[in-house]
A.B. asks: 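The following block contains the structure, expressed as structure tokens.
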Amino acid sequence: MARYNPASAEPKWQQRWDEEKCFEARSDGDRPKYYVLEMFPYPSGKIHIGHVRNYAMGDVIARFKRAQGFDVLHPMGWDAFGLPAENAARDNGGHPREWTYGNIDVMRGQLKRMGLAIDWSREFATCDPEYYVHQQKLFLEFLKKGFVERRESLVNWDPVEMTVLANEQVVDGKGWRSGAPIEKKSMSTWFFKITERADDLLAALDDGRLEGWPAHVKEMQRNWIGKSEGLKMAFPLSGNDLPTDKLEIYTTRPDTLYGASFLGVAPDHPLAKHYAESDPAVAAFISECAAQGTSEAEIEKAEKKGVPLPVTGRHPFTGEELPVYACNFILMQYGTGAIFACPAHDQRDLDFARKYGLPVKPVIAPTPGHENDLKATADPSCPTDDGRTEAYTGPGTMIHSGFLDGMTTEEALAAAIAKIEEMGWGEGTTNYRLRDWGLSRQRYWGCPMPIILCDDCGTVPVPDDQLPVSLPEIDPEEFKAPGNPLDRDCAKAWREVSCPKCGKDARRDTDTMDTFVDSSWYFARFASQPDDKPVDKEEADRWLPVQQYIGGIEHAILHLLYARYFTRMMKECGYTDVDEPFTNLFTQGMVTHATYRDEAGNWLFPEEVEIRGGEAFARDSGAPVTIGPIEKMSKSKKNVVNPMAMADAYGADAVRFFMLSDSPPERDVEWTEAGAEGAWRFANRVYETVERGEGVLKRAGAPGTDLPDDLMEIRRRTHKTIDGVTGDIEHFRFNKAIARLYEFLGALKGISPEGEAAPVMVEALRALTQLTAPFMPHLAEECWELLGGEGLCADAPWPKADESLLADDVITLPVQVNGKRRGEIKVAPDAPQDEVQKIALAQDDVARFLEGKTVRKVIVVPGRIVNVVAG
RNA sequence: GCGGGCGUGAUGGAAUUGGUAGACAUAGCGGACUUAAAAUCCGUAGCCUUCUGGCGUGGGGGUUCGAGUCCCCCCGCCCGCACCA
């Protein structure tokens, strides 16, 4: 009996699939389409086990849908622009292009080694000029339509990477990759006006268009867009040396206007900056705030502080002159960078007012039932300042509020906005946290902006016939210097051009695009890749939207939001009818691994460690090793495993299989050698089981229903397994599908495919092979061949469960007495209730517990349970 | 602080709509095969027990014939957002 040998079987079948162009997407037939896509990888150099899990999931879906008769599109490509290539060129010499394409070659080979059902004919890298030329065209079309514009603005400058970052790439005031403190710098750069689409991007999260997305991803996007409705209004200012006669503020609580006791501006607000010039106290405060950390912990601790400005603002309703403070808790980036403060009903305002002895004017009497929210308050209607230190922010009735008196807070909100609008002092507005998407990056290795900057004509699009604007060749030595080589002499010939409009000397925009632009439409290009335009609409719309998108949660906001935005813009340019690119989204969990440290505290790779009886030892020295917590795999902690080494040891099938067994796919999974060994054992057991039925597909016919009980049971098991696995795959319950395969395999143990059993086993082994195929495709082909199946297993239609075999003819019902399980009975599934009751009560184990008791009630849930209530 | 999710054996996790808790796997234990080991196979497996049963899904209470599942309170963990006016 030959053992299954993945080392020879896996390359063999990969070659067959290739030769037969098995997985090339067909778009000619009238079969339904299915587009499944995993987020394409950055070509970092080699695939990691997380990639394997990600792509294995997509592969299961792709193979499953294909077998179900869909035309499947399952492509692969490379998110190939970006800083690491430049860093590699800087550190190791060479050119970013060589590094990138070299990595792609390696990783392509590794992915192929995993036997993925991918249509490689559509592969591209975003750094291919054949790809980015269309991105440049899209950019210019967007420019024409006004979706993108060039603006002078304060940008987030990463001094380490020497480039601009989007707000989203600044975390706690630091660059998301470099970790360097971000500086503000004024620059002229390009922006996609994504805020114009904020409303629709938000609406789609709730109107059913994204029903197939996880709730938490939608919630994250909702938070990110951060829509709030309120009022923008201007307070007339009085005072000496006024730089402006009005102060524009933003509030979501205009209902509390009568409770206003002061106005506040951000430390970097123009008004504060103006007075800083003449007042050292203001200047000192501003620099103090600038020095203040922006990390969460520091914000938490930071005391509310401020400095008065020599101005007052007139209250719209009372005419009262309110003092104006520069406050450390006001953000210039949000709203207008200025507020009116109502200490009684806002905690921050109250903290500030208590510190500086400013008036606290309650204007809301809490709604009965909400008084409990009001701590430290004697009188719940709080007619006057009662010295409290906690603001009441709940609902209520307006008091001390002139024309608003007696209204609910909700009514007052609308009434106050209407009044301010009527007075011409301001208007109700919607505010977003979302900023426009700045896409200029001061880097070399990205898609060049197809723009020429002319002193006379401004920004001039590169004419269509001159596209693409390709990256110029740069001497690799140039990457050793910091900054963008495109700005230096080495790119002079490329940079200096004549203006297409006026012909005078001009220069190219030396910025390249944010790599999130590259990944905002690659899925469309996979669907259709004509030479002369980004996509062919008809072809793109045949495939789009992506029915199943799979990737990491780390892209929940940026990539997914940008792709949604981009798709809308492409729609407006007539490239597709789709506005939401991804119908169903699945975010898979990470792969984790235990960490190991030697006695000196140094991290060890798993392969350097030997586990004996739960204790770990260094493989070379035998010294004891501490087993640390199970954590996300990271290079720094060395708790990584090499998928290629694992595939060599256990076969690609086993690696894929293990990554999908045990844990639900959305959760983290721990890589263990034992788990991989388990998968390997499974593969061998399947092979051995199938081997017993060698060639049987060619001999035996279809099984009948006139069979002995044990064989009928096998038939039922077969069809139940088909039914179960099918549903499990459809719902991404890969771990359960695999558990069912184990059970099924166990049930087939020791049954020989002879005589009467032959057709039954044919059916069972065929199902076992086909149901295993999406998870262990190479093994399945090997088994298919062994069984004598026609053609490739990958081409065989997915098995269908026979409904009539899903139900048992005798079922076991548990019987409870007073809710405790006391016995069980065997009955026909359609046995009448009174009969079931009779059998249950007569059952020995049940009767024992009924002695001396009166049966008061018997509950029979058909097919489920019998419960006898007795007392 | 706000929002979302979760808590089940030694471990990862199953459990349809409120109906046999712990499927399946991993580790463990016992056995077979072997000179031996590995591999493989078979068996065993929530806890306690006077062997009759009792107790068990983070803790407490409730609804119900019946609760891991529903409701209330509490504890713990994870994720997202956050001086956002």
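Naming convention: chains lettered A, B, ... in sequence-line order (proteins, then strands); numbering from 1 in each chain.
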A.B. asks: Would you mind pulling out the nucleotide paired to B:rU69, Watson-Crick or G-U wobble, both distances under 3.5 Å?
C.D. replies: none

A.B. asks: Nearest of B:rG19, B:rC55, B:rA85 to any side-chain atom of A:Thr252?
C.D. replies: B:rA85

A.B. asks: Could you state the CZ-C1' distance from A:Arg821 to B:rC55, rounded to the nearest angstrom?
C.D. replies: 16 Å

A.B. asks: Taking atom C1' in both B:rU26 and B:rG19, compute the distance separating them and give it to the nearest angstrom.
C.D. replies: 30 Å

A.B. asks: Output the single nucleotide from B:rU26, B:rU20, B:rA85 whose closest atom is nearest the side chain of A:Ile339.
C.D. replies: B:rA85

A.B. asks: In residues 721-737 of chain A, what residues come within less than 4.0 Å of RNA chain B, judged by heavy atoms?
C.D. replies: A:Asn735, A:Lys736

A.B. asks: Can the positive tip of A:Arg822 be found less than 6.0 Å from the middle of the six-membered ring of A:Phe849, inside 45° of the ring normal?
C.D. replies: yes

A.B. asks: Could you please name the option among B:rU20, B:rG80, B:rA25 that lies closest to any side-chain atom of A:Asp662?
C.D. replies: B:rA25

A.B. asks: Between B:rG9 and B:rC2, how far is it from one C1' atom to the other, in whole Å?
C.D. replies: 37 Å

A.B. asks: Before you tell me yes or no, could you show the steps for A:Asn684 and A:Glu688 under side-chain hydrogen bond (donor to acceptor under 3.5 Å, both in side chains), namely the whole-Å CA-CA distance, both residues' side-chain angles and the distance that decides it to 0.1 Å?
C.D. replies: CA-CA 6 Å; A:Asn684 279 297; A:Glu688 282 160 21; over 6 Å; no

A.B. asks: Tell me whether the side-chain N/O atoms of A:Lys749 come closer than 4.0 Å to OP1 or OP2 in B:rC42.
C.D. replies: yes

A.B. asks: Quick one: sort the A:Phe732 and A:Phe734 rings into parallel, tilted or perpendicular, breaks at 30° and 60°.
C.D. replies: tilted

A.B. asks: Does the side chain of A:Tyr432 come under 3.5 Å of the side chain of A:Ser228 through a donor N or O and an acceptor N or O?
C.D. replies: no

A.B. asks: I need the CG-P distance between A:Asp255 and B:rA85, as an integer number of Å.
C.D. replies: 13 Å

A.B. asks: OP1 or OP2 of B:rU26 versus the side-chain N and O atoms of A:Arg681: is any pair under 4.0 Å?
C.D. replies: yes

A.B. asks: With a non-hydrogen cut-off below 4.0 angstrom, is A:Ser661 in contact with a base, only sugar-phosphate, or nothing?
C.D. replies: nothing

A.B. asks: Rounded to whole Å, please give me the gap between CE in A:Met659 and P in B:rU26.
C.D. replies: 14 Å

A.B. asks: Could you tell me whether A:Ala215 contacts a base, only the sugar-phosphate backbone, or nothing, with contacts defined as non-hydrogen atoms closer than 4.0 Å?
C.D. replies: nothing

A.B. asks: Which base sits across from B:rC81 as a Watson-Crick or G-U pair, both distances under 3.5 Å?
C.D. replies: B:rG1

A.B. asks: Report the nucleotide, chosen from B:rC83, B:rA85, B:rG13, that has the shortest atom-to-atom distance to any side-chain atom of A:Asn328.
C.D. replies: B:rC83

A.B. asks: May I ask you to evaluate whether A:Tyr334 reaches the phosphate of B:rA85, defined as a side-chain N or O under 4.0 Å from OP1 or OP2?
C.D. replies: yes

A.B. asks: Is the distance from OP1 or OP2 of B:rC81 to the nearest side-chain N or O of A:Arg433 less than 4.0 Å?
C.D. replies: no

A.B. asks: Check the distance between B:rA21's P and A:Arg864's CZ and give it to me in whole angstrom.
C.D. replies: 13 Å

A.B. asks: Please work out whether B:rG9 sits syn or anti, treating a glycosidic angle within 90° of 0 as syn.
C.D. replies: syn

A.B. asks: What's the gap between B:rA67 and B:rC72 when it is taken at their C1' atoms, as a whole Å value?
C.D. replies: 15 Å

A.B. asks: Classify the nucleic acid contact of A:Val861 as base, sugar-phosphate or nothing, counting any heavy atom under 4.0 Å across all strands shown.
C.D. replies: base

A.B. asks: Counting only Watson-Crick pairs (N1-N3 plus N6-O4 or O6-N4) and G-U wobbles (N1-O2, O6-N3), all under 3.5 Å, who is the partner of B:rU57?
C.D. replies: none

A.B. asks: Between B:rA25 and B:rA45, how far apart are the two P atoms, rounded to whole Å?
C.D. replies: 14 Å

A.B. asks: Describe the nucleic acid contact of A:Arg667 in one word from base, sugar-phosphate, nothing, applying a heavy-atom distance below 4.0 Å.
C.D. replies: sugar-phosphate

A.B. asks: B:rC77 and B:rU8: how far apart are their C1' atoms, nearest whole angstrom?
C.D. replies: 15 Å

A.B. asks: Inspect the contact between A:Asp723 and A:Arg740 and indicate whether a charged nitrogen and a carboxylate oxygen are less than 4.0 angstrom apart.
C.D. replies: no

A.B. asks: Classify A:Phe657 by what it touches in the nucleic acid, base, sugar-phosphate, or nothing, heavy-atom distance under 4.0 Å.
C.D. replies: nothing

A.B. asks: Ignoring hydrogens and angles, state whether a donor on the side chain of A:Thr812 or A:Lys826 is under 3.5 Å from an acceptor on the partner side chain.
C.D. replies: yes

A.B. asks: Among B:rG19, B:rC83, B:rA21, which nucleotide sits nearest the side chain of A:Phe329?
C.D. replies: B:rC83

A.B. asks: Taking the side chain of A:Ile865 as its heavy atoms from C-beta onward, which of B:rC41, B:rU20, B:rC83 lies nearest to it?
C.D. replies: B:rU20

A.B. asks: What's the gap between B:rC75 and B:rG59 when it is taken at their P atoms, as a whole Å value?
C.D. replies: 15 Å

A.B. asks: Give the rounded distance in Å between these two atoms: CG of A:Asn818 and P of B:rC65.
C.D. replies: 12 Å

A.B. asks: Is there a donor N/O on one and an acceptor N/O on the other, under 3.5 Å, for the side chain of A:Asn223 and the base of B:rC81?
C.D. replies: no

A.B. asks: Can you check the distance between B:rG58 and B:rG68, where both ends of the measurement are the P atom (answer in whole Å)?
C.D. replies: 10 Å

A.B. asks: Taking any strand in view, what nucleotide pairs with B:rC24 in a Watson-Crick or G-U wobble way, both distances under 3.5 Å?
C.D. replies: B:rG12

A.B. asks: Between A:Glu219 (CD) and B:rG3 (C1'), how many Å, whole number?
C.D. replies: 5 Å

A.B. asks: Within this structure, what is the CG-CD1 distance for the pair A:Leu247 and A:Ile339, rounded to the nearest 0.5 Å?
C.D. replies: 10.0 Å

A.B. asks: Look through every strand shown and name the nucleotide pairing with B:rG43 as Watson-Crick or G-U wobble, where both distances are under 3.5 Å.
C.D. replies: B:rC29

A.B. asks: Need the pair for B:rG18. Rule: Watson-Crick or G-U wobble, both distances under 3.5 Å, any strand; none if unpaired.
C.D. replies: none

A.B. asks: Salt bridge check, A:Lys227 against A:Asp199: does any charged N sit closer than 4.0 Å to a carboxylate O?
C.D. replies: yes

A.B. asks: Are A:Trp671 and A:Phe658 near enough that their ring centres are under 6.0 Å apart?
C.D. replies: yes

A.B. asks: Ignoring backbone atoms, establish whether A:Arg822 has a side-chain N or O less than 4.0 Å from OP1 or OP2 of B:rG54.
C.D. replies: yes

A.B. asks: Which part of the nucleic acid, if any, lies within reach of A:Gly678 when heavy atoms closer than 4.0 Å are counted: base, sugar-phosphate only, or nothing?
C.D. replies: sugar-phosphate

A.B. asks: Over all strands shown, is A:Arg253 touching base, sugar-phosphate only, or nothing at heavy-atom distances under 4.0 angstrom?
C.D. replies: sugar-phosphate

A.B. asks: Taking ring pair (Phe, Tyr, Trp, His ring centres under 6.0 Å) as the criterion, tell me which of A:Phe235, A:Tyr356, A:Phe340, A:Phe352 meets it with A:Phe262.
C.D. replies: A:Phe352

A.B. asks: State the pairing partner of B:rC6; accept Watson-Crick or G-U wobble contacts with both distances under 3.5 Å, and report none otherwise.
C.D. replies: B:rG76

A.B. asks: Assess whether a salt bridge exists between A:Lys304 and A:Asp349, defined as any Lys/Arg side-chain N lying under 4.0 Å from an Asp/Glu carboxylate O.
C.D. replies: no

A.B. asks: In whole angstrom, what separates A:Ile225's CD1 from B:rG80's C1'?
C.D. replies: 14 Å

A.B. asks: Is it true that A:Arg821 and A:Glu824 have a side-chain N and a carboxylate O under 4.0 angstrom from each other?
C.D. replies: yes

A.B. asks: Identify, between A:Ser663 and A:Gly337, the residue whose nearest nucleotide on RNA chain B lies closer to the 5' end.
C.D. replies: A:Ser663

A.B. asks: Taking B:rG7 as the reference, what is the distance to B:rU69 when you measure between their C1' atoms (whole Å, please)?
C.D. replies: 14 Å

A.B. asks: On RNA chain B, nearest-nucleotide positions of A:Ile553 versus A:Tyr742: which is more 5'?
C.D. replies: A:Tyr742

A.B. asks: What contact category does A:Thr812 fall into here, base, sugar-phosphate, or nothing, at under 4.0 angstrom with non-hydrogen atoms?
C.D. replies: base

A.B. asks: Identify whether any heavy atom of A:Glu670 sits under 4.0 Å from a base atom; if not, whether one sits that close to sugar-phosphate; answer base, sugar-phosphate or nothing.
C.D. replies: nothing

A.B. asks: Just the rounded figure in Å: distance from P of B:rU20 to CD1 of A:Ile825.
C.D. replies: 14 Å

